[in-house]
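Positions are given from 1 along the sequence. Atoms within a ligand are numbered from 1 in the order they appear, just like the ligands themselves. All values below were derived from every heavy atom in this structure, side-chain atoms included, with hydrogens, water molecules and symmetry-related copies excluded.
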Amino acid sequence: MEADRIKWNKRFLSEDSFLGMAPSPFLQRKIEDIKLLTPGLHALDIACGEGRNSIFLAQHGFNVTGLDISDVALGKAGERSATAGISADFRLVDLESYRFEGERYDLVINFNFLLRELIPEAYSALVPGGIFLLDTILESPEALANHTPAYLLRRGELASIFDKLDGKILFIEEVTEGQMPTARVLFKKV
Ligand SMILES: C[S@@+](CC[C@H](N)C(=O)[O-])C[C@H]1O[C@@H](n2cnc3c(N)ncnc32)[C@H](O)[C@@H]1O
């Protein structure tokens with residue numbers, strides 16, 4: 001949606017770096033497990049923003065496709081990749097209407113973005129044995145003060161979403177202390 005693109009472009013223009021340059025701590029913690037678990041090296045970064053996680057994956061040998069609605073964020077992702085000496089396939093798309101047609105991935109990551117109906121779609125784009133990593137904000141008074149409620153996970157929701165998919169939850173947690181409660185999962189498709 002054009003309104004989302006404009007909103008996110010404004011955010012990315014307002015600061016040098018919206019979520020910082022460092023990759024997600026969860027991704028950093030799990031990268032060695034992920035490298036052992038994924039059947040191949042084709043990765044998808046859903047709502048990749050400025051590319052911090054895509055670049056990290058590329059540095060670990062993955063061929064990464066990053067999808068995002070913000071051309072400003074993708075421009076920065078391209079510049080950062082060039083500086084880091086890696087390449088990734090960053091694509092401008094609206095995930096609300098996106099369809100994974102014929103795309104196949106060994107790894108899907110989804111950080112700080114929640115579009116519930118996209119999760120089973122992205123799961124379908126995983127090859128057998130593929131890995132899905134999702135980490136985003138959990139509903140809490142702190143989060144509700146700054147975020148649209150529909151974009152926040154409810155307690156227990158992540159487990160119930162992934163329990164319905166064929167595969168195994170290898171790791172799941174809800175971290176409720178701290179400034180921004182978060183839920184995260186590492187899942188392997190059968
Ligand atoms: C909080 S940022 C997270 C960026 C990245 N995943 C990270 O953790 O660094 C949310 C991202 O979702 C993207 N986004 C929001 N709505 C979108 C949509 N409908 N389609 C594609 N991307 C969208 C924004 O442009 C932004 O880059």
Side-chain angles (χ1 to χ4, degrees), residues 1-31 34 43-60 62 64-81 83-84 86 88-101 103 105 107-122 125 131-140 142-153 158 173 175 178-187:
M1 214 198 302
E2 184 61 7
D4 286 332
R5 194 180 69 80
I6 292 168
K7 178 183 87 178
W8 281 100
N9 273 349
K10 267 194 195 145
R11 249 175 232 183
F12 285 115
L13 281 170
S14 71
E15 351 191 6
D16 212 24
S17 179
F18 181 59
L19 283 174
M21 303 282 279
S24 141
F26 181 47
L27 183 58
Q28 291 188 58
R29 270 204 321 273
K30 294 293 178 193
I31 189 67
I34 291 168
L44 172 69
D45 186 356
I46 290 179
C48 61
E50 296 160 312
R52 63 190 181 122
N53 297 319
S54 298
I55 292 168
F56 181 70
L57 287 178
Q59 287 169 330
H60 281 270
F62 285 91
V64 187
T65 298
L67 307 177
D68 203 281
I69 203 170
S70 166
D71 44 303
V72 172
L74 292 181
K76 290 187 186 182
E79 283 166 20
R80 286 179 175 192
S81 305
T83 306
I86 59 95
D89 176 17
F90 292 116
R91 297 188 203 155
L92 186 65
V93 307
D94 182 351
L95 287 163
E96 292 203 14
S97 50
Y98 191 72
R99 290 292 164 271
F100 295 94
E101 274 161 18
E103 291 170 56
Y105 298 100
L107 170 66
V108 171
I109 65 166
N110 181 149
F111 283 85
N112 300 301
F113 176 77
L114 182 62
L115 187 57
R116 289 174 174 81
E117 58 271 27
L118 194 70
I119 296 173
E121 292 279 329
I131 295 291
F132 203 136
L133 209 67
L134 190 150
D135 179 336
T136 197
I137 303 170
L138 201 52
E139 197 176 80
S140 67
E142 301 89 327
L144 286 165
N146 298 307
H147 294 83
T148 309
Y151 299 147
L152 301 172
L153 281 168
L158 203 52
E173 70 177 0
V175 180
Q179 281 201 319
M180 199 51 80
T182 302
R184 49 186 72 109
V185 69
L186 172 62
F187 173 90

Exercise. Quick check: does Asp45 get an N/O under 3.5 Å from an N/O on ligand 1?
Worked result: no

Exercise. Can you find an N/O atom of Asp4 closer than 3.5 Å to an N/O atom of ligand 1?
Worked result: no

Problem set entry | Taking atom 23 (C) of ligand 1 as the reference point, the nearest protein heavy atom with its distance | Ile69 CG2, 3.4 Å

Exercise. Do any heavy atoms of Val93 fall under 4.0 Å from ligand 1?
Worked result: yes

Exercise. Which atoms of ligand 1 are found less than 4.0 Å from any heavy atom of Cys48?
Worked result: 5 (C)

Exercise. Does the side chain to side chain donor-acceptor pair (under 3.5 Å) test come out yes or no for Glu96 and Tyr98, once each step is laid out?
Worked result: CA-CA 6 Å; Glu96 292 203 14; Tyr98 191 72; over 6 Å; no

Problem set entry | Basic-acidic side-chain contact under 4.0 Å: Glu173, Arg29 | yes

For this session: Using a 4.0 Å heavy-atom threshold (strictly under), name the region of Asn112 that reaches ligand 1: side chain, backbone, both or neither.
Result: both

Problem set entry | Any donor-acceptor pair under 3.5 Å from Glu50 side chain to Phe18 backbone | yes

For this session: Provide the number and element of each atom of ligand 1 under 4.0 Å from a heavy atom of Phe12.
Result: 25 (O), 26 (C), 27 (O)

Exercise. Which residue supplies the protein heavy atom nearest to atom 9 (O) of ligand 1, what is that atom called, and how far is it?
Worked result: Arg52 NE, 2.7 Å

For this session: Kindly confirm or rule out an N or O of Leu95 lying under 3.5 angstrom from an N or O of ligand 1.
Result: yes

Problem set entry | ligand 1 atoms in contact with Asp94 (distance to a heavy atom under 4.0 Å) | 18 (C), 19 (N), 20 (N)

Exercise. Just distances here: any N/O of Phe18 and N/O of ligand 1 closer than 3.5 Å?
Worked result: no

Problem set entry | Distance, nearest 0.5 Å, that separates CD1 of Ile46 from CZ of Phe113 | 7.5 Å

Problem set entry | Whether Lys76 side chain and Asp71 backbone form a donor-acceptor pair below 3.5 Å | no

Problem set entry | atom 16 (N) of ligand 1: nearest protein contact (heavy atom, Å) | Phe113 CE1, 3.6 Å

For this session: Report yes or no: does Thr136 contribute a side-chain atom to a donor-acceptor pair with the main-chain N or O of Leu134 at less than 3.5 Å?
Result: no

Exercise. Would the number of heavy atoms belonging to other residues, nucleotides or ligands and lying under 6.0 Å from NZ of Lys10 be above 12?
Worked result: no

For this session: Pick whichever of Ile109, Asp68, Ile137, Asp135 has a heavy atom sitting closest to atom 11 (C) of ligand 1.
Result: Asp68

Problem set entry | Protein heavy atom at shortest distance from atom 15 (C) of ligand 1 | Trp8 NE1, 3.3 Å

Problem set entry | Donor-acceptor contact below 3.5 Å, side chain Ser24 vs main chain Phe26 | yes

Problem set entry | For ligand 1, the portion of Phe111 having any non-hydrogen atom under 4.0 Å away | both

Problem set entry | Under 3.5 Å: donor-acceptor pair, side chain of Asn53, backbone of Pro23 | no

Exercise. Counting heavy atoms only, which of Gly49, Ala47, Ser97 is nearest atom 6 (N) of ligand 1?
Worked result: Ala47

For this session: Could you tell me whether Arg5 and Glu2 have a side-chain N and a carboxylate O separated by less than 4.0 Å?
Result: yes

